[in-house]
A.B. asks: 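What follows is a structure written as structure tokens; I'll ask about it next.
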Amino acid sequence: MQKNIKQTDILRQITKYIRQNLELQVILTAAAADLRSFLEMDRVKVCKFNPDGSGQVIAESVDDNCLPAMLGLHFPGDEIPAETRELYVKVKVRSIVNVDTKEIAQSAVYDLETTEIVPEEIRYRSVDPCHLEYLTAIGVKSSLVLPIIHDEKLWGLLACHHSEPRVISESDLELVQMVVDQISIAIVQSTLLSQMPEKAARDSSLRHIVTLLHSLSTVELQPALAQAIVAFGGSGGRLCIREKKQSSYPEDFIDCLSSSNYLKVYTYGKQPVMPELAKYKLMEQYSIWQERYKFGNYDDIWAISDIYQVHELRFLQVAFQGSKVRSILMIPLHHRQKLLGYLSIFRNKVEKETVWAGEFDSDQRQLYPRQSLNAWREYNKTPTSQWSAEEIQLANEVGKQFSFAVHEYQLQQDLHKQTNHLQRSIQKQETLVRALTKMRQISQSRF
């Protein structure tokens with residue numbers, strides 16, 4: 001009876017945290033502590049997976065007198081086989097390992113064929129030797145692992161470890177599953193809450209750009225470019241458009257690419273430095289961009305996460321070698337299927353230090369499990385920064401605003417030139433009229 005009350009208290013407390021809109025980290029840490037206290041196990045941890053399949057321990061409660069702390073450590077992606085990940089997602093399989101008996105007990109929440117909820121049925125089999133070696137290496141005799149699912153994907157795992165053999169009852173398993181279900185709800189809420197300030201920031205940046213481009217007496221392209229780069233967290237960028245200085249200049253932007261004299265380039269932040277022997281002075285003049293958009297697919301924003309992985313961009317690889325620029329967002333500007341120019345955003349590479357749990361061979365991690373949890377550090381200087389779906393969406397909106405502004409700016413230029421030409425014509429006519437009138441007056445005075 002007392003245990004049921006504790007179960008209720010744990011779930012009530014986690015639900016309270018969720019309703020209070022507390023940070024996900026707070027909820028996970030509290031859930032790990034409450035579970036460890038209730039289960040009387042040595043460690044409860046929450047591991048979150050990265051897009052590349054690797055994982056990191058982001059929350060933990062541990063009795064460090066029995067087991068070492070793992071908080072903050074990373075794990076390689078192939079530590080969990082692909083077939084196991086698939087079972088985690090499809091049927092939410094839960095695994096209980098007893099190292100001494102070399103058995104693993106598994107139960108599924110859903111039937112793989114009918115996808116219906118199934119009664120608690122635990123099936124036993126022998127544990128994979130590599131799995132046993134790994135648990136033994138980290139001092140674990142009993143293990144309970146449940147998947148955390150978010151958006152129909154494997155978000156992470158909740159793992160309970162004990163340094164001594166331990167029997168996990170069905171009621172314990174049921175409680176841990178209910179806690180995991182609450183964690184999934186907390187993740188959904190955290191994701192929504194995190195998107196709100198990001199969306200607010202994007203909307204604010206877009207409003208500033210719109211003001212600079214449309215709400216002032218003149219089209220402010222330079223400050224609007226700077227605002228756009230800041231909005232994307234960029235390190236630099238460019239706006240390249242047609243500049244009609246003389247009546248003989250080409251009307252079409254694509255035709256202007258033949259000479260840098262026909263182009264107007266606004267820049268902000270870090271810029272590519274073209275070699276002296278380069279074919280063109282400007283990056284926008286190279287044919288790769290024209291090839292990309294030769295069929296008029298100007299709504300296609302090219303999000304390049306790593307310029308050094310695109311062979312056709314070798315001219316830019318040389319131009320950016322002296323900088324930290326790694327990623328480019330190329331936004332074609334257009335009006336009624338007519339190309340007006342290019343807006344490009346540059347982003348630097350990300351430098352980070354990853355602390356891995358134990359030593360491992362990157363090619364044979366499954367064959368030779370780590371023999372200890374002595375952390376080793378990997379300093380990765382060149383990971384790329386992926387452009388998110390939200391950033392692509394923002395780029396679409398920014399591109400539209402710049403397209404309208406550039407079209408308006410060029411119309412103003414043309415109107416200004418036409419006005420100047422008309423004024424010069426009128427002045428010439430007035431001068432001619434005055435000259436003729438004077439000649440007529442002189443002629444009349446002689447007679």
Side-chain angles (χ1 to χ4, degrees), residues 1-48 55 57-73 88 92-101 103-109 117 119-122 124 135 138-150 155-190:
M1 187 67 172
Q2 183 66 25
K3 197 167 188 177
N4 289 335
I5 294 175
K6 288 184 178 179
Q7 287 181 350
T8 305
D9 289 345
I10 291 174
L11 294 174
R12 184 185 295 116
Q13 188 70 16
I14 296 175
T15 303
K16 177 183 176 182
Y17 289 151
I18 296 174
R19 289 177 177 173
Q20 290 176 338
N21 293 334
L22 296 183
E23 292 289 336
L24 180 61
Q25 185 67 49
V26 175
I27 297 174
L28 295 179
T29 302
D34 290 343
L35 265 183
R36 192 174 77 83
S37 177
F38 174 79
L39 296 173
E40 297 180 345
M41 298 186 75
D42 295 329
R43 177 171 57 222
V44 174
K45 66 176 183 176
V46 176
C47 181
K48 179 183 178 182
V57 179
I58 62 171
E60 180 186 53
S61 176
V62 61
D63 180 354
D64 53 15
N65 291 321
C66 300
L67 291 175
M70 289 185 165
L71 185 63
L73 296 183
Y88 279 145
K92 294 186 177 180
V93 67
R94 292 85 57 90
S95 301
I96 305 171
V97 176
N98 187 317
V99 173
D100 283 357
T101 63
E103 286 185 323
I104 181 170
Q106 291 185 324
S107 68
V109 176
I117 297 177
E120 295 294 334
E121 180 182 357
I122 299 179
Y124 293 85
L135 291 177
I138 64 175
V140 172
K141 290 291 187 71
S142 301
S143 171
L144 168 63
V145 178
L146 282 77
I148 302 172
I149 307 299
H150 171 61
W155 183 91
L157 297 174
L158 185 144
C160 307
H161 292 158
H162 201 58
S163 59
E164 298 293 335
R166 169 68 189 274
V167 176
I168 306 294
S169 66
E170 291 187 6
S171 61
D172 289 344
L173 180 60
E174 181 182 355
L175 170 65
V176 179
Q177 181 63 63
M178 287 189 288
V179 170
V180 166
D181 292 340
Q182 291 299 312
I183 288 176
S184 295
I185 294 173
I187 293 170
V188 172
Q189 175 177 280
S190 176

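These figures come from a predicted structure and were not determined experimentally.
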A.B. asks: Could you check Gln20, Gln13, Arg19 and say which one makes a side chain to side chain donor-acceptor pair (under 3.5 Å) with Tyr17?
C.D. replies: Gln13
A.B. asks: Compile the donor-acceptor pairs under 3.5 Å between side chains in residues 138-150 and protein atoms, sequence neighbours left out, one pair per line.
C.D. replies:
from: Ser142; atom 1: OG; to: Glu164; atom 2: O; distance (Å): 3.0
from: Ser142; atom 1: OG; to: Arg166; atom 2: N; distance (Å): 2.6

A.B. asks: If you round to the nearest 0.5 Å, how far is CD1 of Ile185 from CD1 of Ile14?
C.D. replies: 10.5 Å
A.B. asks: For Ile18 and Gln182, which heavy atoms make the closest approach, and how far apart are they?
C.D. replies: CD1-O, 3.4 Å
A.B. asks: Go through the steps for Thr15 and Arg12 under the test side-chain contact (heavy atoms from CB on, under 4.5 Å), then give the verdict.
C.D. replies: CA-CA 5 Å; Thr15 303; Arg12 184 185 295 116; 5.7 Å; no
A.B. asks: Residues two or more places apart in sequence or in another chain: which of them pass side chain to side chain donor-acceptor pair (under 3.5 Å) with Glu103?
C.D. replies: none
A.B. asks: Please find the pair of heavy atoms, one from Ala59 and one from Leu71, that lie closest to each other, and give the distance.
C.D. replies: N-CD1, 3.6 Å
A.B. asks: Can you tell me how far the CG atom of Asp34 sits from the OG atom of Ser61, to the nearest 0.5 Å?
C.D. replies: 8.5 Å
A.B. asks: I'd like to know if the side chain of Gln177 pairs up with that of Asp181 as donor and acceptor (distance under 3.5 Å, no hydrogens or angles considered).
C.D. replies: yes
A.B. asks: If you draw a 6.0 Å radius around CD in Gln25, do more than 12 non-hydrogen atoms from other residues or ligands fall strictly inside?
C.D. replies: yes
A.B. asks: For Glu40, I'd like to know if atom CD has over 12 heavy atoms of other residues, nucleotides or ligands within 6.0 Å.
C.D. replies: no
A.B. asks: Please name the pair of heavy atoms, one in Leu73 and one in Ala69, separated by the smallest distance, quoted to 0.1 Å.
C.D. replies: CD1-O, 4.3 Å
A.B. asks: To the nearest 0.5 Å, what is the distance between CG on Leu173 and CD on Glu170?
C.D. replies: 7.5 Å
A.B. asks: Nearest 0.5 Å, please: how far is CD1 in Ile168 from SG in Cys160?
C.D. replies: 7.0 Å
A.B. asks: Indicate yes or no: at least one non-hydrogen side-chain atom of Ile183 is less than 4.5 angstrom from one of Leu28.
C.D. replies: yes
A.B. asks: Could you check if a side-chain atom of Trp155 sits within less than 4.5 angstrom of a side-chain atom of Val46, using non-hydrogen atoms only?
C.D. replies: yes
A.B. asks: Give, for atom CE of Met41 and atom NE2 of His161, the distance between the pair rounded to the nearest 0.5 Å.
C.D. replies: 8.0 Å
A.B. asks: Are Asp42 and His162 linked by a side-chain donor-acceptor pair shorter than 3.5 Å?
C.D. replies: yes
A.B. asks: Do Val93 and Tyr88 pass the side-chain contact (heavy atoms from CB on, under 4.5 Å) test, and can you show the C-alpha distance, the side-chain angles, and the key distance before you say yes or no?
C.D. replies: CA-CA 5 Å; Val93 67; Tyr88 279 145; 3.6 Å; yes
A.B. asks: Nearest 0.5 Å, please: how far is CD1 in Ile10 from CG in Leu35?
C.D. replies: 5.5 Å
A.B. asks: Using a 4.5 Å cut-off on heavy atoms from C-beta on, say whether the side chain of Ile96 contacts that of Ile104.
C.D. replies: no
